[in-house]
Amino acid sequence: RPAMSASNPAGSGSGAVREPPFAPDWWARAGWLLLAAYVVYALSTLDFTWQRFVEGLAHAQKFLARMLPPSFEQWEAILKGMKESLEIAVLASAGGIALALPLGLLAARNLMPAGVSWTARAVIALCRAFHPVIVAIVFVKAIGFGAMAGIMALVVASVGFIGKLFAEAIEEISLKQVEAVRASGAGFMNVIAYGVLPQVLPRFIGFATYQFDSNVRNSTMVGIVGAGGIGAPLFVAFQRFDYDVVCTILLAIIAVVFVCEVVSTRIQKVFAQ
């Protein structure tokens, strides 16, 4: 049999048609076109125009000019509000973690029966269905103004976030370690303590620290609706057009969030070792 030449590779005849190495995905292209068309349609219905955008930049420049320099005349009220916001964030994070741990465990489909896991997932989805500000309004109407309403609202938000991620982390563990602990005759709680938690603890620490950072930020928002924290002085400063005070409050919030971020990073490094 004659040897095949390099110009005529095996299996390729004179009439063979080569398929392109990267075939176009027409469904994907059609999807991108539909998305682009919807974006244009949404911009037109929301009255988004370039002229309004440019005018908004001019107004923003005037607004920022009125914010500077920041005023520290009300530093005592600002300090009190930030202290209350931190207390709300700490208590809400602790309560949310305490509730999310068992709920996330019950929601894990690789450890629990289908009925139990889907019920727990429904509770978690319900906690995640509404923004913390909406939940804070409900609690303000139910239990009145103050930090208690903010704590309860952020507990609900924490359960929804940490519970979902904790359940997903448990579902990704290796069951070999779990089966090894079970084979030793350990009970259910020992299986969780020695077979499940060691595998998810570093990720759970990351979830918890991130949720604490989120609660610090959200505590400023729930205060706007009367749920305690620095949000109330911020809202009052906006109403009085005291933009220099607004600037001071925003700088205080940024500083606190930055410090919390540094502390959270250090905690994650300690537990990752």
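Distance check, rounded to the nearest 0.5 Å: OG of Ser85 to CG of Asn218 gives 11.0 Å. The CG atom of Leu34 sits 14.5 Å away from the CZ atom of Arg29 when rounded to the nearest 0.5 Å. Rounded to the nearest 0.5 angstrom, Leu103 CG and Arg121 CZ are separated by 10.5 Å. To the nearest 0.5 Å, the span separating CD1 on Ile224 from CZ on Phe235 amounts to 7.5 Å. Note that the CD1 atom of Ile124 and the CG atom of Leu99 stand 11.0 Å from one another [nearest 0.5 Å].
Linking Ile, Leu, Val, Met, Phe, Trp and Tyr whenever their side-chain heavy atoms come within less than 4.5 Å puts Leu101 and Val200 in one cluster. Transitive grouping of hydrophobic side chains (ILVMFWY, heavy atoms separated by less than 4.5 Å) brings Ile143 and Phe130 into a common cluster. If you chain together hydrophobic residues whose side chains sit under 4.5 Å apart, Ile254 and Val262 never meet in one group. Both Leu91 and Val222 are members of a single hydrophobic cluster when ILVMFWY side chains are connected at heavy-atom separations under 4.5 Å. Cluster annotation: Leu250 is connected to Phe238 through the hydrophobic network of ILVMFWY side chains, with a link wherever side-chain heavy atoms come within less than 4.5 Å.
Residue Gln211 comes nearest to Phe161 through the heavy atom pair OE1-CD2, 2.9 Å, listed as atom of the first residue, atom of the second, then distance. Taking all atoms of both residues into account, the shortest heavy-atom contact from Val156 to Phe139 is CG2-CE1, 4.1 Å. Nearest approach of Pro132 to Ala157, heavy atoms of both residues: CG-CB, 4.0 Å. Nearest heavy-atom pair, Ser158 versus Gly96, reported as atom, atom and distance to 0.1 Å: CB-CA, 3.7 Å. Between Ile162 and Ala208, the shortest heavy-atom contact is CD1-CA, 4.3 Å.
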Verify side chain to side chain contact (heavy atoms under 4.5 Å, CB included) between Met148 and Met152, making sure each step is shown before the conclusion.
-> CA-CA 6 Å; Met148 187 65 182; Met152 299 301 295; 4.0 Å; yes
Derivation of the side chain to side chain contact (heavy atoms under 4.5 Å, CB included) call for Thr248 and Asp244 | CA-CA 6 Å; Thr248 305; Asp244 50 354; 5.8 Å; no
Tell me, with the steps shown, if Ile170 and Leu105 meet side chain to side chain contact (heavy atoms under 4.5 Å, CB included).
-> CA-CA 7 Å; Ile170 294 176; Leu105 182 63; 3.9 Å; yes
Salt bridge (charged side-chain N to carboxylate O under 4.0 Å, His left out) assessment of Glu84 paired with Lys80 = CA-CA 6 Å; Glu84 189 174 45; Lys80 180 181 178 181; over 6 Å; no
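Gln61 CD: 12 or fewer foreign heavy atoms inside a 6.0 Å radius.
A heavy-atom distance below 4.5 Å is found between the side chains of Val225 and Val133. When side chains are defined from C-beta on, Tyr210 does not count as touching Phe212, because their heavy atoms never get closer than 4.5 Å. Two residues are said to be in side-chain contact when any heavy atoms from C-beta on lie closer than 4.5 Å; Asp213 and Val257 fail this criterion.
The side-chain contact (heavy atoms from CB on, under 4.5 Å) with Ser219 is formed by just one residue from the set Ile151, Leu154, Leu86, Ile230; it is Leu154. Tested against Met82, the residues Ile249, Val216, Ile253 include a single side-chain contact (heavy atoms from CB on, under 4.5 Å) partner, Ile253.
The aromatic rings of Tyr41 and Tyr38 sit tilted, their planes meeting at an angle between 30° and 60°.
At least one donor-acceptor pair under 3.5 Å links the side chain of Glu171 to the backbone N or O of Arg109.
Phe166 meets the ring-ring contact (aromatic ring centres under 6.0 Å, His included) test with Phe204; sequence neighbours excluded.
At a threshold of 4.0 Å, the pair Glu168-Lys164 counts as salt-bridged, since one of the basic side-chain nitrogens sits closer than that to a carboxylate oxygen.
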